[in-house]
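When reading the values below, keep in mind they use all heavy atoms of this one structure, side chains included, and skip hydrogens, waters and symmetry mates. Residue numbering restarts at 1 for every chain, and letters A, B, ... go by the order of the sequence lines.
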Amino acid sequence: MTQAVMHNEHRDDLGSKIGMWLFIFTELLLFGGLFIVYSVYRYLNSTAFHLAAHELDVTIGTINTVILLVSSMTVAMSTTAIQKGNKKLTLALLGVTILLALAFLVNKYFEWGAKIHHGLYPGSAALEELGRGDILFFGLYFFMTGLHAFHIIVGVVLLSVILIKTRNGKIAPDNFQLLENGGLYWHLVDLIWIFLFPLFYLIT
Amino acid sequence: MENEKHHIVPFKTYGLILLALIALTFVSVAVTRIELTRWSTAVALLIATVKVGLVLTFFMHLKFDQKIFRVMVPLIFLLLIIVIVITFLDYLYR
């Protein structure tokens, strides 16, 4: 038994990738459902949503959009780098992606901090006075950007594991499906933000 | 599994796609700032859809992947669109 296990390691890269995509589909349906909730409430409370959206900081939103887009590119580039056998560049690109993800979270912290400082958070007295539409808008804002930020945190952990595995040689030019799947997850986080950004920050 | 050719996407492609994505972001910010009223909503969502298309096609490798992915992914978005349309038919005509 000890000798026979050495070669012919069981691996199914295509199956692994299909599994990742199936997971991404469930995530798309989860956020898709939230987008529907948002659009229905927006339709029913258009004036309140219009005024509430003006409270959001377009500059921070734009900066975070650019940060996520760049990080999406760096993680995509890391799959090219590993296929070219350039381990050092792969590690560097993964490191940059993780740093950009953390920068996104720092921005989010300050953005949420400013809202909470102004008394705008679910259940706050200031929000109760504003009325139903504002309660719905800020409830959805905190829930949807919060769920998205949670996905960023998960992505940081996932990409860190991938970075360590790449350094240890577990992810190599002939075995990089985990890196590609991690990249797919990161692009999903990007996709969701691409819709969150105009819906909350731009369309007022 | 090993004998499948994996398409290596050049760095330059990713760079160009990123530039397009950032340019589209600034266009959508600019368009919604000018207050084109009802059109700005449509334009912002249209631009977001184009951006999502670019990310799916190039960053997520759909252009270079096996056909099964290019069939499955559009079907999921179609499902979402159908659910959105049905929901709004309900709200608009109740």
Separation of A/Ile82 CD1 from B/Ile8 CD1 (nearest 0.5 Å): 11.0 Å

Chain B interface, residue from A/Gly32, A/Pro198, A/Ser72 that has the most non-hydrogen pairs under 4.5 Å: A/Ser72

Taking every non-hydrogen atom, the tightest pair across B/Tyr14 and A/Met77: CD1-CG, 3.7 Å

Closest non-hydrogen atom pair between A/Val40 and B/Phe88, with its separation: N-CZ, 3.9 Å

Heavy-atom side-chain contact between B/Phe59 and A/Leu184 under 4.5 Å: no

Side chain to side chain, A/Leu14 and B/Phe69, heavy atoms closer than 4.5 Å: yes

Part of A/Ile192 within contact of chain B (heavy atom distance under 4.5 Å): neither

Between CG on residue B/Leu21 and OG1 on residue A/Thr65, distance to nearest 0.5 Å: 11.0 Å

Contact origin within B/Leu92 toward chain A - heavy atom pairs under 4.5 Å: both

Nearest-0.5 Å distance, CZ of residue B/Phe77 to CZ of residue A/Phe25: 8.0 Å

Part of A/Val75 lying under 4.5 Å from any heavy atom of chain B: neither

Rounded distance [0.5 Å steps], CD1 in A/Ile36 versus CD1 in B/Ile84: 4.5 Å

A/Thr79 portion near chain B, given a 4.5 angstrom heavy-atom threshold: side chain

Most contacts with chain A, counted as non-hydrogen pairs under 4.5 angstrom, among B/Val83, B/Leu80, B/Ile76, B/Ile68: B/Ile76

Heavy-atom neighbours of A/Tyr41 OH exceed 12 at 6.0 Å: no

Proximal component of B/Phe58, with respect to chain A [non-hydrogen, under 4.5 Å]: neither

Portion of A/Phe35 that has a non-hydrogen atom of chain B nearer than 4.5 angstrom: neither

Which portion of B/Thr49 sits near chain A, non-hydrogen atoms under 4.5 angstrom: both

When B/Thr87, B/Val73, B/Thr13 are compared by non-hydrogen pairs under 4.5 Å with chain A, the top option: B/Val73

Shortest non-hydrogen contact from A/Ile203 toward B/Ala44: CG1-CB, 4.2 Å

Side chain to side chain, A/Ile24 and B/Met60, heavy atoms closer than 4.5 Å: yes

Approximate separation, where rounding is to 0.5 Å, of A/Arg42 CZ and B/Thr41 OG1: 6.5 Å

OG on A/Ser71 to CG on B/Leu18, rounded to 0.5 Å: 9.5 Å

More than 12 heavy atoms of other groups within 6.0 Å of A/Lys165 NZ: no

Enclosure of A/Arg132 CZ (heavy-atom neighbours >12, cutoff 6.0 Å): no

Heavy-atom contact with chain B under 4.5 Å, split by part of A/Phe176: side chain

Option that, when pairs with chain A are counted at under 4.5 Å, heavy atom only, ranks first among B/Val29, B/Leu79, B/Leu56, B/Ile22: B/Val29

Side chains of B/Arg33 and A/Leu202 in contact at under 4.5 Å (non-hydrogen atoms): yes

Heavy-atom check, side chain of B/Phe11 versus side chain of A/Lys84, under 4.5 Å: yes

Region of B/Ile17 in contact with chain A, defined by heavy-atom distances below 4.5 Å: neither

Region of B/Ser28 in contact with chain A, defined by heavy-atom distances below 4.5 Å: both

Side chain, backbone, both or neither of A/Leu199 within contact of chain B (heavy atoms, under 4.5 Å): side chain

Under 4.5 Å from a heavy atom of chain A, the part of B/Leu62 involved: side chain

